[in-house]
Amino acid sequence: MSPSRPFYVTTPIFYISGTPHIGHAYTTIAADVLVRTARAHGPARALTGTDEHGQKVANAAAAAGMTPQEYVDSLAPRWRELAPVFDARFDDFIRTTEPRHVTTCLALFDRMRAKGDVYEGVYEGWYCTHDETFWPEAKLIDGRCPNAECRRPVQWLSEKNWFFRLSKYNAPLLAHFRANPDFLRPQSRYNEMMALLEEGLEDFSISRSSFDWGIPLPGGGVLYVWYDALINYISALGWPDDADGLFAEFWPGMHLIGKEIARFHTIIWPAMLWSADLPLPARVFAHGWITGDGGLKIGKSLGNAMDPYLLVEEFGADALRYFLLREAPFGSDFSISVDKLRQRHNSDLGNDLGNLLRRSLAMLAKYRDGLVPEPSDGRVSEFVADLPVLVRDHVSALRFREALDEIWNLVALLNRAIDEQKPWELHKAGRGVELDALLYDLCEGMRWLSVLLFPFMPTKSTAIWEQLGLEGTPERAWADALVWGGLAAGTQTNPGAPLFPRIEPPAA
RNA sequence: GGCUCGGUAGCUCAGCGGUAGAGCGGGGGACUCAUAAGCCCUAGGUCGUAGGUUCAAAUCCUACCCGAGUCACCA
C-alpha cells in the first residue's frame, strides 16, 4: 500500500446553542473513522468545532442574562466533550469567536474585496422579527409570516450591507460540477445542487448591520454567520499566515456534512475560495439523517433512545460506532432503536467477533499454555492478503458498511476454520503440526482484525491486541503491521474478559 | 406545485436487460473450543400499481400511488 497525500477531514462546526444529539455523534464518528484510517497511511488531520455568532446566540445570551461571550464560553465545553465521549480524536477544535478565526475571516474578506467580488448594496425584504427570517414575497400568506406557528405580520426591512458577487461564479461552478461528479456525494445531493446552479445564482449578502454579535467589519456591521462559519475550515489551518505550514500541507480537505447544508458547502464556499484564489475543497459528502424507529413520533422513551450519551452508557462507544456505520449505507437515512443496537451488539460483536477471540485463546491456553506457535502459511494468509486494500478503498469512498462487511468476512472465515478443522480432535489425535498451524492462523488473523478494526472500534480493537499479548496498540501503519507472520512465535497471550458481554433485553 | 432520490423475502439492504440474492430474525441438523456463542441446511418474496418497448424487464419508457429530500441568505 502506498502512502497517501496528507488527508484533512472536517465536521461542520456545531451551532453552539443547540443540543448534542445522535446526528452530531454520527458525523463525528464518521470523520474519526476516516482520519484514523488515513493516519495508518500517512499524515492526516481532523477538525471540528463550534459556530458561535449570530442573532440567535445574542438573543439567547440576553435571555440568560449574560453577554454573548459569557454565554458561548459557558456552552463551548459541552461541545468540546462530544468527540471524546465517542472515542473520536480530533487534532483541533475551533471556535468562531477565537482571534485566529477572526483574523482569517477579515483577511478573506479583504482578499475578496480586492478582487472586486464584494460590493456595497441594500439588503431588503419582508422580515419576521419573531422568526428572525426574511421571507420572499411569494411565500407570505396574506401578508403574514408563512410559518404556521407564527403568522405574525411581517415588515419591510432594508439595510445597507456587503454583497458577494456569487453570480459571477455560476458558470465556473457549473463547469466544476460537471467535470467532477464526485465533488459532492451522494448522487441525490449532487443533482439538487446542479438544479440550483442551472436555475442561476444571485449575489449574496455577507454582512449584517441590524445586530452586532458577529465578526466586526472595519466600516461597521458584522459578517453574516454563514460567511464567517464556513471559513473555519481554513482558519483552523492558519491561513493566510500559515505559520505552522498546516494550510500548505493539508488544504484542500474533505468536508463531511449533513445533507441540509450542502448548498453552503458546495456552492457558496467554493465561490468564496475561488474569489480568494484558493483551492476548492477536494470532496464534500452529505450524509443522511438518523430517525427514531418508525421515523415519525419521538415519544419520551424514543427521545431517550436518541440521546447519544445514554446509548454510549448502555452499549459503549465502540458498539455505537459500529452500529451507526454498519447498519445502513452512509448517505442514506436510517432509523435507530435500542432493539436494533442490542441485536447488532449481541450478534455481530458478541457472537461473531468477541466469541472468536475467546474460544481461540481458550484453546491456545488449553493446548499450548497460551503460547503462540510458529508462523505458518495457510488459507488464512491467502485470504487476508487483499483485505487491507479493500477496506481502505471502501473507507476512502465512505462505504463504511462495505468495509465492515469485508472485515467480517475474515471473522467468519476464522470461525469456520475452527469448526472445519476441529482443534479438539486434532489435539486428541496428537496431530500437533496441524493444530499449531490452525492456532497460529487464528491468532495472526485476529491481530489483523485488531489493526483493521482500530479506526472503527479503537477501544475494543486495543483489547484484542492486548489479549494477544502484544505491546503497544493496534494503531500503526498498515504497510508495516499488515504483513503475515507479524505475530512472533512464543508470544504469551493473556485472555481477558469477554469483549462484548451479551446484553439481555429488559424483562417484559 | 417543480425537481431529485427511494419503494425487492418479517427486518436492513445488494442486484439495475437474460428464467430472484446477502446478512439478521425464524425453522431444522450435526458438534463442543467458546459469551447456550460458532458451524451446516432451510426460508419459496406476483421485485409499489397499471400499461408499453424487447426474443427476454426487478433491471428501459410512460402514467399513477406511497415515503423522503430540496426549491437560495433558517446552523
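Throughout, a chain's letter reflects where its sequence line sits, starting with A, and its residues are numbered from 1. This structure is a prediction, so every number in the text was calculated from the model and none was measured.
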For RNA chain B, the dot-bracket pattern of Watson-Crick and G-U pairs whose distances stay under 3.5 Å, | for other-strand partners: ((((((((.[[[[.).....]]]].((((.........)))).....(((((.......))))))))))))....
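- The distance between atom CD1 of A:I267 and atom P of B:C73, rounded to the nearest whole Å, is 13 Å.
- Note on A:I13: nothing from the nucleic acid sits closer than 4.0 angstrom, heavy atoms only.
- Comparing the same atom, P, in B:G67 and in B:U62 gives a spacing of 22 Å after rounding to whole Å.
- Residues passing the side-chain contact (heavy atoms from CB on, under 4.5 Å) test with A:E120 are A:K160, A:W162, sequence neighbours excluded.
- If you find the closest nucleotide of RNA chain B to A:A412 and to A:E327, the one lying nearer the 5' end belongs to A:E327.
- For the C1' atom pair drawn from B:C61 and B:U54, the interatomic distance equals 12 Å after rounding to whole Å.
- At least one side-chain heavy atom of A:M112 sits less than 4.5 Å from a side-chain heavy atom of A:Y227.
- Comparing the C1' positions of B:C60 and B:G44 gives a spacing of 28 Å, expressed to the nearest Å.
- Within 4.0 Å (heavy atoms only), A:S347 reaches sugar-phosphate atoms of the nucleic acid but no base atom.
- Put simply, the side chain of A:E202 does not reach to within 4.5 Å of the side chain of A:L166, judged on heavy atoms.
- Residues A:R189 and A:E192 are paired through a salt bridge, judged by an N-O separation under 4.0 Å between the basic side chain and the carboxylate.
- Between the base of B:C71 and the side chain of A:R263 there is no donor-acceptor pair shorter than 3.5 Å.
- Only the C1' atoms considered, B:G45 is 15 Å distant from B:G26, to the nearest whole Å.
- For the P atoms, the distance linking B:G15 with B:G52 amounts to 29 Å, nearest Å.
- Taking the six-membered ring for Trp, A:Y233 and A:H265 have ring centres closer than 6.0 Å.
- Taking the six-membered ring wherever Trp is involved, the centroid distance between the rings of A:Y322 and A:F456 does not fall below 6.0 Å.
- Spacing between atom CG of A:L341 and atom C1' of B:C24 amounts to 14 Å, rounded to whole angstrom units.
- Between A:L196 atom CG and B:G69 atom P the separation is 17 Å, expressed in whole Å.
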Taking only N/O atoms, report every protein-nucleotides 3-7 of chain B pair under 3.5 Å with atom names and distance.
| unit_1 | atom_1 | unit_2 | atom_2 | d |
| --- | --- | --- | --- | --- |
| B:U4 | O3' | A:N191 | ND2 | 3.1 |

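- Within the nucleic acid shown, A:G23 has no heavy atom closer than 4.0 Å to any nucleic acid atom.
- Annotation: side chain of A:L453 is in contact with side chain of A:L404 (closest heavy-atom distance under 4.5 Å).
- We find that A:K168 and A:D203 are not joined by a salt bridge, their nearest charged nitrogen and carboxylate oxygen being 4.0 Å or further apart.
- A:H287 places no side-chain N or O within 3.5 Å of a backbone atom of A:T27 that could act as its donor or acceptor partner.
- Look at CD on A:E402: it is 13 Å from C1' on B:G15, rounded to the nearest Å.
- Heavy atoms of A:E202 sit under 4.0 angstrom from at least one base atom.
- Between B:G17 and B:G38, the two C1' atoms lie 41 Å apart (nearest whole Å).
- Going from atom CZ of A:R344 over to atom P of B:C13 covers 10 Å, rounded to whole Å.
- The CG atom of A:N409 sits 12 Å away from the P atom of B:C24 (whole-angstrom rounding).
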Side-chain donor-acceptor contacts of residues 353-365 of chain A below 3.5 Å, not counting sequence neighbours, with atom names and distances?
| unit_1 | atom_1 | unit_2 | atom_2 | d |
| --- | --- | --- | --- | --- |
| A:R359 | NH1 | A:N415 | OD1 | 2.9 |
| A:R359 | NH2 | A:D419 | OD2 | 3.3 |
| A:S360 | OG | A:L356 | O | 2.6 |

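- Rounded to whole Å, the P atom of B:C39 lies 42 Å from the corresponding atom of B:U70.
- Only the C1' atoms considered, B:A20 is 15 Å distant from B:C13, to the nearest whole Å.
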- prompt: Could you write nucleotides 31-36 of chain B as a row of B, S and -, 5' to 3', where a protein heavy atom under 4.0 Å of any base atom gives B, of only sugar-phosphate atoms gives S, and otherwise -?
  reply: -SBBB-
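- Taking side-chain N and O atoms only, A:R326 has no distance below 4.0 Å to OP1 or OP2 of B:C24.
- Residues A:Y71 and A:S17 form a side-chain contact, since some pair of their non-hydrogen atoms from C-beta on lies under 4.5 Å apart.
- Between A:E444 and A:R447 there is a salt bridge, with a side-chain nitrogen of the basic residue lying less than 4.0 Å from a carboxylate oxygen of the acidic one.
- Around atom CG of A:N409, more than 12 heavy atoms belonging to other residues, nucleotides or ligands sit under 6.0 Å away.
- In this structure, A:H53 and A:D348 both approach RNA chain B, and ranking their closest nucleotides by distance from the 5' end singles out A:D348.
- For the pair A:D352 CG and B:A37 C1', the computed distance is 9 Å after rounding to whole Å.
- Formation of a donor-acceptor pair under 3.5 Å by the A:E406 side chain with backbone atoms of A:V391 is not found in this model.
- In this structure, A:R185 atom CZ and B:G69 atom P are separated by 21 Å, rounded to whole Å.
- Residues A:Q69 and A:D73 have side chains that bring a donor and an acceptor to within less than 3.5 angstrom of each other.
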Tabulate atom names and distances for all N/O pairs under 3.5 angstrom spanning the protein and nucleotides 58-61 of chain B.
none

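- No more than 12 heavy atoms of other residues, nucleotides or ligands sit less than 6.0 Å from atom CZ of A:R113.
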